[in-house]
Amino acid sequence: MRSNMCGEVRAIHIGQTISVCGWVASRREHGTQLAFVDVRDHTGVVQCVVDNDVDVRSEFVVRITGTVRARLEGTVNPNLPTGEIEMGECVVEVLRTAEPPPFPIDSRADKVEETTRLQFRYLDIRRERMQKNLRVRAKVNSAIRGAMEAQSFVEVETPMLVPSTPEGAREFLVPSRKEPGAFYALPQSPQLFKQLLMVAGMDRYYQIARCLRDEDLRADRQYEFMQLDAEMSFVSQDDVLAAISLAVMAAAEAVTGERPPTIEQMTWRDAMNRFGVDKPDLRFGMELNELTDIFAATEFKAFAGAACIKGINATGKAEELGRNKLDALTDRAKQMGAKGLVWLKVAADGSLESPVAKFLSADEQAALIARLEAKPGDLILIVADAWDTTCEVLGQIRNDLGRPPVWQGPYRYVWVIEFPLFVGLDKETGKPKPGHHPFCMPHPDDLDKFDTDPMSVRAMAYDLVLNGWELGSGSIRIHKSDLQRKVFTALGISDEDAEKKFGFFLRPFEYGAPPHGGFAFGIDRLVAILAGEENIREVIAFPKTQSGTDPMTNAPTIPNPKQLAELGIRAMPPKA
RNA sequence: GGUCCCGUGGUGAAGUGGAGUUCACGCCGGCCUGUCAAGCCGGAGGUCGCGGGUUCGAACCCCGUCGGGACCGCCA
């Protein structure tokens, strides 16, 4: 039907008679003798000159045949890639008329209520922005596949109807027709199957897998999302990081044209100490500074005896943050569990202005200023509390004060390694809770700490972080039953419970599980950042709203009684 | 489950207790031979999300509810 794409016609085509197909982006009529019709496809628009009356409206689908010619002098449009040329003596075929769209099919729709965009998603996707985003996504998928294939990973598809598992995120359930009362779950991830594929000798598995979690939605979370899911046999942690790094770098290069440098590594403890979060945003400074030693002998009651005192220097923020904003920050710190937040402003003469300055000795003040390299106009914020609280609170405040939009460059990838094996204590059992999942390999140097200091045991677990967003995580898995039993014991899980809860998963290991490890990272998040979007809905063709509905299809809908009867289900009455 | 913000013709905004909801874009009709998200003239189009309350009077204040969004919880 067409010989050229609209956005690709150039001066070299002058003299050729060509046909383009697309949608009418705009029509400018000048009497009955002359009309301009801009035709749009996903490559762009081209101006078509019609020398007579033509009845086409916005978004009519047309095929236009004409001869490419240079535009008249003075009518070149430098804002358009096709602005040097136009199609003349055009014949217009209307392939399909169209109703006026509810919003303009261009960047003006960026301001339209998102619900309306989702209700008419097929029109929204017609826009340049969404076309670009979905094509970026396709490039990422393609580059990842290429990188994984090149490393001898084998793509294996795992089932979508799986057994419900006891741990982890809330699952979507699918009723079984053959066995009324029984349910399948939709997979939160292919975790179980990919590890069994290692037992099965697949050696290197990967899949761009759809995962489903029935947890509340966010800017970076949807019910359904896509992961690069991978698992490798006979590998060290560094092997896994290297393999995934190649996939991520290939994806980034495919989109940006630039290959990121080798992804740096940082231990979890360093990340917490320096940035106060396990997903540090390395694009800006304002790092946490250790101050405990400076105030070791302080008279100031709020600091005296505190396990950990840290501070950040919000450089140049003294002016900007008035009393109200400082109070708000203090409230936020308290909400997060800190006893308080101390602020000090560096005055023009270098002295400290603060309600608490009078409690700090001259030596302490001098040491503080030196440690934080504070200059006039700087704002110092200090938290004194337990180590984790101090880090977390200051990390959050650091992000609040300094973090650029996630899409803003440069891209700073970082592997956060050596996550703790256990985090916190279960309120009911008083036993440690698994940091990642209970099948993570403990760090070999920490095996003797299981009994003495379990909370300090590191795991062979790692996260990939980009600009403060967690892209994904992985670990080396336990493949021996004695070590697995040791971890279960620490978690307070008896042999009997372990068999009941995880037997279906662990029993196959008895037939010869190789040492193995893997990783999974969220494609939606990576694509969003590479596409310059701060919301993954912008890179998903048909996403759900925050309450889990689809304004276009009206899903979820109420099934008819016959369907329910067949499934042996009696539903609650719908909400009024 | 919680906190905060938003809801006014098709779309985006203005109006925060008082006359007839205002403006831009879009839409419909007319004019127009070089425009380019054209220009000019005219026109149609709104239960101000919904329900209740306060008031002489409510788009505006109060309560509830529905829908949307950001965040917390949650996401082993």
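Of the two residues near RNA chain B, A/Asn79 and A/Val112, the one whose nearest nucleotide lies more 5' is A/Val112. Both A/Lys544 and A/Arg71 lie near RNA chain B, and the one whose nearest nucleotide falls closer to the 5' end is A/Arg71.
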Protein-nucleic acid N or O pairs under 3.5 Å, nucleotides 7-10 of chain B:
from	atom 1	to	atom 2	distance (Å)
B/rG10	O2'	A/Pro102	O	2.9

Can you name the atoms? Protein N/O to nucleotides 74-76 of chain B N/O, anything below 3.5 Å, with the distance.
from	atom 1	to	atom 2	distance (Å)
B/rC74	O2'	A/Glu215	OE1	2.6
B/rC74	O2'	A/Glu215	OE2	3.4
B/rC74	O2	A/Arg221	NH2	3.0
B/rC74	N3	A/Arg221	NH1	3.1
B/rC74	N3	A/Arg221	NH2	2.9
B/rC74	N4	A/Arg221	NH1	3.3
B/rC75	O2'	A/Arg213	NH1	3.4
B/rC75	O2	A/Arg221	NH1	3.3
B/rC75	N3	A/Arg221	NH1	3.3
B/rA76	O2'	A/His436	O	2.0

Under 3.5 Å, which protein N or O atoms sit close to an N or O of nucleotides 42-51 of chain B? Give each pair with its distance.
none

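Nucleotides B/rG12 and B/rC72 are separated by 32 Å at their C1' atoms, to the nearest Å. Rounded to a whole angstrom, the distance from the C1' atom of B/rU54 to that of B/rG17 is 12 Å.
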Table please: side-chain donor-acceptor pairs of residues 212-219 of chain A below 3.5 Å, with sequence neighbours left out.
from	atom 1	to	atom 2	distance (Å)
A/Arg213	NE	A/Gln188	O	3.4
A/Arg213	NH2	A/Gln188	O	3.3
A/Glu215	OE2	A/Arg170	N	2.9

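In terms of phosphate contacts, A/Ser107 brings no side-chain nitrogen or oxygen within less than 4.0 Å of OP1 or OP2 of B/rA37. Look at A/Arg57 and you'll find a side-chain N or O under 4.0 angstrom from OP1 or OP2 of B/rG29. OP1 or OP2 of B/rG68 sits under 4.0 Å from a side-chain N or O of A/Thr545. For the OP1/OP2 pair of B/rG26 and a distance below 4.0 Å, the side-chain nitrogens and oxygens of A/Arg108 include no atom meeting the criterion. Taking 4.0 angstrom as the limit, A/Thr115 places none of its side-chain polar atoms (N or O) nearer than this to OP1 or OP2 of B/rC6. Contact between the side-chain N/O atoms of A/Arg127 and the OP1/OP2 oxygens of B/rA37 is not found at any separation under 4.0 Å. Remark: A/Arg28 is not in phosphate contact with B/rU35, judged by side-chain N or O atoms under 4.0 Å from OP1 or OP2. Side-chain N/O atoms of A/Asn535 include none lying less than 4.0 angstrom from OP1 or OP2 on B/rG69. Contact annotation: A/Gln33 does not reach the phosphate of B/rC32 (side-chain N/O to OP1 or OP2, under 4.0 Å).
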Criterion side chain to side chain donor-acceptor pair (under 3.5 Å) on A/Gln484 and A/Arg477, from CA distance to verdict: CA-CA 10 Å; A/Gln484 185 65 68; A/Arg477 330 293 185 186; over 6 Å; no
Residue pair A/Leu464, A/Trp469: steps toward the side chain to side chain contact (heavy atoms under 4.5 Å, CB included) verdict: CA-CA 9 Å; A/Leu464 178 60; A/Trp469 264 17; over 6 Å; no
Stepwise salt bridge (Lys or Arg N to Asp or Glu O under 4.0 Å) test for A/Lys194 and A/Asp229: CA-CA 8 Å; A/Lys194 71 173 172 178; A/Asp229 194 57; 2.9 Å; yes
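Using a cut-off of 4.0 Å between Lys/Arg side-chain N and Asp/Glu carboxylate O, A/Asp463 and A/Lys279 are scored as not salt-bridged. A salt bridge does not link A/Lys544 to A/Asp550: none of the charged nitrogens lies less than 4.0 Å from a carboxylate oxygen.
Within the nucleic acid shown, A/Arg332 has no heavy atom closer than 4.0 Å to any nucleic acid atom. Contact annotation for A/Gln47: base contact, defined as any heavy-atom pair under 4.0 Å involving a base atom.
Remark: side-chain polar atoms of A/Arg332 are not paired, donor with acceptor, to backbone N or O of A/Asp400 under 3.5 angstrom.
Rounding to whole angstrom units, NE2 of residue A/His30 and P of B/rC36 are separated by 7 Å. Atom-to-atom, CD1 of A/Ile85 to C1' of B/rC36 comes out at 13 Å; the value is rounded to the nearest Å.
Between A/Tyr462 and A/Phe419, the ring centre distance reaches or exceeds 6.0 Å. Separation of the A/Tyr205 and A/Phe193 ring centroids does not fall under the 6.0 Å cut-off.
A/Ile64 contributes atom CD1, which lies 10.0 Å from atom OG of A/Ser19 (distance to the nearest 0.5 angstrom).
With sequence neighbours excluded, the residues that form a salt bridge (charged side-chain N to carboxylate O under 4.0 Å, His left out) with A/Asp124 are A/Arg117, A/Arg121, A/Arg127. Take A/Asp106 and apply the salt bridge (charged side-chain N to carboxylate O under 4.0 Å, His left out) test, not counting sequence neighbours, and it matches A/Arg108.
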